[in-house]
Chemist: 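Questions regarding the structure given below will be posed in turn.
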Amino acid sequence: MVLCPVIGKLQHKRVVLASASPRRQEILSNAGLRFEVVPSRFKEKLHKASFATPYAYAVETAKQKALEVAGRMHQKDLRAPDVVIGADTIVAVGAMILEKPVDKQDAYRMLSRLNGKEHSVFTGVAIVHCCSKDGRLDTEVSEFYEETTVKFSELSEELLWEYINSGEPMDKAGGYGIQALGGMLVEYVHGDFLNVVGFPLNHFCKELARLYYPPRPEDLRRVRHDSIPAVDTFENLSDSEAGGSDPGQSAKGGRGGEQVDGDRSQAPRTLDAALNGAESRPPFPTGLLELMDGFKASKVLFTACKLKLFDVLKDQGPLQAVDVARKLSTCAGRTEQLLDVCAALGLLEKTHRGYGNTEVATLHLVSDGEHSLQGLAEYNDAHVWGVFTRLGLAVREGADQTRGALGAMEEERLSQSKELTLQFMRAKHSLSKLTAHHVATAFDLSRFASACDLGGCTGILARELAQEYPRLQVTVFDLPEVTELSGGFQRGGRQTERIRFVPGDIFKDSLPEADLYVLSRILQDWPDDKLHKLLSRISSSCKPGGGLLVAEAAAEEEGASRSPRLRTLSAGQPRSADEHRRLLQRHGFRDVRVARAGDLLCVVLGTRAAP
Ligand SMILES: O=c1[nH]cc([C@@H]2O[C@H](COP(=O)(O)OP(=O)(O)OP(=O)(O)O)[C@@H](O)[C@H]2O)c(=O)[nH]1
């Protein structure tokens, strides 16, 4: 959702953030901006002494970063993006400029200089509007800076070294990260906090408002002495009331770009006629192009996982591309390309010390992490990818065939090797870890004394149920080859005493007795005949007053994001709340209630009526 209409103004443009800083990426994506990340290769080596002020240096560096990316992209594709955003954050103590420390001693020098004193943090920002005409790149640059004052407490040598040894200072201007451990060093902040973190979002929105909304005459009178709109100006704007425009037009309308030297009254250079005629061109189809390229991004992620790239970087990173290639025994040139794309996708951070995992990679892509999704990536690469290549055939041959694609895969899995079963289990295990808590808590299940998770695989949901409901006994019912391997996924814990694994086939064997039956992400994989067979078996085993809890991918109209639909495309359309309700009612369940569980699932609970 885009709250702020000025951010929305960039929605149909191809926007590029020319920065490798994960903080900038986070600030802008949190604000609802959709953009690509192309880290700048501009070397931050401008001659500081030649700038009259520290902020002039930051603004010029930001501009050069953005222009380098615009130029490179234009050269490569002969088509530059619409907008390139560059930024540069520095710390200034008097006239001295501090950037990112090069090593621990450097970090120590910086932090000692800041110790017990007040300093300024400047972020220079450049918004470059690009236009290609006759193979030539034309740019219009708007630039500004923001200043925030920060004061450090008096800190002991011991504390400074402890902080330096945490590793946090190394990729941060001035050698500290105010948003993390570095926040403990800070006594006060005057000004925009996000500016210290790396991007002055508020000023950026004001700048967009200035560029995209030409002033009405009464506004001109009101803001005559300050061309930057007040905060409420951009917060209250909407397209209809303000008459949005492109910056080329606003430039014609006379609102000037802010100059580095603080002269805000000068108008910026206008773009050539091609940009002024932009109204007649259709909006840039960013979303569509993203869709067309989406498979490439998935394949990059799968390949990096398969090569164990994130594991290597976790243990030994950051590493230069050539060292990564050596460790993975891969081609150096191609490895560097893979690393750069991973950085552009937000999976890696690229700094002068080399490539390292981002937080999301550390959390979800390292194989032995508590929240690892490695198994899912591996399985999607090895199997789901193949299923989707048969999507055309499935669609041509009808819905049952489409559903059959996953069913066929399931059957293929069953007839195949232990390694394939393990791969399937790892995928299900990692996905269940994300959703189990939501499923277990979607309804109050404390009235049930026993539960049976049908197709419960490694028992992740069983564990969550046992943890949530202290008197609940849980049975995990799954195929013998699955229950046999499930031991490898168990870790200790008191609640495991109340969990047992029973081998069996949900379609053939008698179901274990239980007050509550659970089907989590099972129904979606089967064609209708099998699905009804399964529900009718459950209905026969369930005592009156007992329950059936079903968790399935949520349908889009219930507010789910696009991904659940994609995830189940080859297994048919996710059911709506009403369809779920009717399905359970048809099999003898009443009081059917539906709830959302997290972002992905819809959970349904029904009570078995007396026959
Ligand atoms: O409190 C904090 N202060 C600063 C930061 C981060 O520091 C860096 C500043 O470096 P720079 O502006 O040169 O940006 P880079 O990271 O090198 O990326 P570019 O590709 O844009 O050059 C910046 O990442 C801030 O976010 C911080 O995190 N906390």
Side-chain angles (χ1 to χ4, degrees), residues 16-30 35-46 48 54-55 57-70 72 84-93 97-102 106-107 110-111 114 119-128 143 145-152 163-164 166-201 204 318 340 343-344 346 348-356 358-359:
V16 166
L17 175 64
S19 173
S21 166
R23 278 74 57 177
R24 290 192 185 118
Q25 293 165 24
E26 198 183 349
I27 291 169
L28 284 170
S29 54
N30 282 347
F35 55 89
E36 297 160 48
V37 175
V38 180
S40 180
R41 294 183 189 161
F42 175 74
K43 299 268 173 277
E44 297 173 37
K45 279 194 186 140
L46 294 173
K48 296 189 181 71
Y55 59 78
Y57 168 81
V59 170
E60 185 59 24
T61 306
K63 183 166 100 182
Q64 294 305 330
K65 285 183 187 179
L67 287 173
E68 186 279 323
V69 168
R72 181 153 42 97
V84 181
I85 302 163
D88 188 64
T89 303
I90 55 162
V91 163
V93 204
I97 293 176
L98 307 179
E99 297 181 278
K100 290 164 293 191
V102 290
D106 199 23
M110 289 185 182
L111 292 168
L114 304 178
H119 62 269
S120 288
V121 180
F122 292 102
T123 298
V125 176
I127 307 172
V128 177
E143 50 197 30
Y145 70 90
E146 183 68 36
E147 176 176 7
T148 305
T149 309
V150 178
K151 178 162 188 270
F152 269 31
Y163 179 58
I164 292 165
S166 75
E168 195 182 82
M170 298 317 296
D171 61 344
K172 318 264 174 358
Y176 72 96
I178 197 166
Q179 71 277 23
L181 294 176
M184 291 189 268
L185 319 180
V186 170
E187 202 166 289
Y188 61 73
V189 178
H190 289 155
D192 184 351
F193 181 85
L194 291 182
N195 182 49
V196 185
V197 181
F199 199 82
L201 184 63
F204 177 69
D340 282 337
L348 296 181
E349 279 175 5
K350 185 179 178 182
T351 64
H352 62 287
R353 292 188 303 150
Y355 298 87
T358 54
E359 275 168 39

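Being a predicted model, the structure only gives us computed values, none of them experimental. We count ligands from 1, going down the list as the structure has it; atoms in each ligand are counted the same way. Residue numbers run from 1 in the order of the sequence given. Computed over heavy atoms, backbone and side chain alike; hydrogens, waters and symmetry mates excluded.
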Chemist: Can you list the ligand 1 atoms lying under 4.0 Å from a non-hydrogen atom of Q179?
Modeler: 1 (O), 2 (C), 27 (C), 28 (O), 29 (N)
Chemist: Quick one: does S40 get an N or O within less than 3.5 Å of an N or O on ligand 1?
Modeler: no
Chemist: With heavy atoms only and a cut-off of under 4.0 Å, state how P39 meets ligand 1: side chain, backbone, both or neither.
Modeler: neither
Chemist: Quick one: nearest non-hydrogen protein atom to atom 15 (P) of ligand 1, plus distance?
Modeler: K100 NZ, 3.6 Å
Chemist: Could you pull out, from I85, L194, L17, V197, the option with a heavy atom nearest to atom 26 (O) of ligand 1?
Modeler: V197
Chemist: How far is atom 24 (O) of ligand 1 from its nearest protein heavy atom, and which residue and atom is that?
Modeler: S21 OG, 2.8 Å
Chemist: So with a 6.0 Å cut-off around CD of E26, is the heavy-atom count from everything else above 12?
Modeler: no
Chemist: Can you sort out which atoms of ligand 1 are near D88, meaning under 4.0 Å from one of its heavy atoms?
Modeler: 11 (P), 12 (O), 13 (O)
Chemist: Do the side chain of E168 and the main chain of G182 share a donor and acceptor less than 3.5 angstrom apart?
Modeler: yes
Chemist: Counting only heavy atoms not in E359, do more than 12 fall under 6.0 Å of its CD?
Modeler: no
Chemist: For atom 11 (P) of ligand 1, tell me which residue out of K65, E99, R23, K172 has the closest non-hydrogen atom.
Modeler: K65
Chemist: Can you tell me how far CZ of F193 sits from CD1 of I178, rounded to the nearest 0.5 angstrom?
Modeler: 4.5 Å
Chemist: For atom 21 (O) of ligand 1, what's the nearest protein heavy-atom neighbour? Residue, atom name and distance, please.
Modeler: S19 OG, 2.6 Å
Chemist: Taking the minimum heavy-atom distance to atom 13 (O) of ligand 1, which of Q25, E44, E349 ranks first?
Modeler: E44
Chemist: Return the closest protein heavy atom for atom 7 (O) of ligand 1 as residue, atom name and distance.
Modeler: A173 N, 3.0 Å
Chemist: What are the two closest non-hydrogen atoms of Y163 and Y176, and how far apart are they?
Modeler: OH-CA, 3.3 Å
Chemist: So which heavy atom on S19 is nearest to which on R24, and how close?
Modeler: OG-NH1, 3.2 Å
Chemist: Around atom 8 (C) of ligand 1, find the nearest protein heavy atom and jot down its residue, atom name and distance.
Modeler: D171 O, 3.5 Å
Chemist: Judged by atom type as modelled, is there a donor-acceptor pair below 3.5 Å linking the side chain of D88 to the main-chain atoms of T61?
Modeler: no
Chemist: To check your reading of the model: name the closest protein heavy atom to atom 4 (C) of ligand 1, its residue, and the distance in Å.
Modeler: V196 O, 3.4 Å
Chemist: State, to 0.1 Å, how close P169 and G175 come at their nearest heavy-atom pair, and which atoms those are.
Modeler: CB-O, 2.8 Å
Chemist: What's the shortest distance from atom 20 (O) of ligand 1 to any protein heavy atom, and which residue and atom give it?
Modeler: A20 N, 2.7 Å
Chemist: As an exercise, identify every atom of ligand 1 less than 4.0 angstrom from a heavy atom of G177.
Modeler: 1 (O), 2 (C), 29 (N)
Chemist: Does the distance from a Lys or Arg side-chain N to an Asp or Glu carboxylate O, for E60 and K63, drop under 4.0 Å?
Modeler: yes
Chemist: When you measure from atom 1 (O) of ligand 1 to every protein heavy atom, which one gives the shortest distance, and what is it?
Modeler: I178 N, 2.7 Å
Chemist: Heavy atoms only: which of R41, H352, R24 lies closest to atom 12 (O) of ligand 1?
Modeler: R24
Chemist: Would D192 and T148 count as a side chain to side chain donor-acceptor pair (under 3.5 Å) if you check the C-alpha gap in whole Å, the side-chain angles of each, and the deciding distance to 0.1 Å?
Modeler: CA-CA 6 Å; D192 184 351; T148 305; 5.8 Å; no
Chemist: Are any of the side-chain nitrogens in R41 or E68 under 4.0 Å away from the carboxylate oxygens of its partner?
Modeler: no
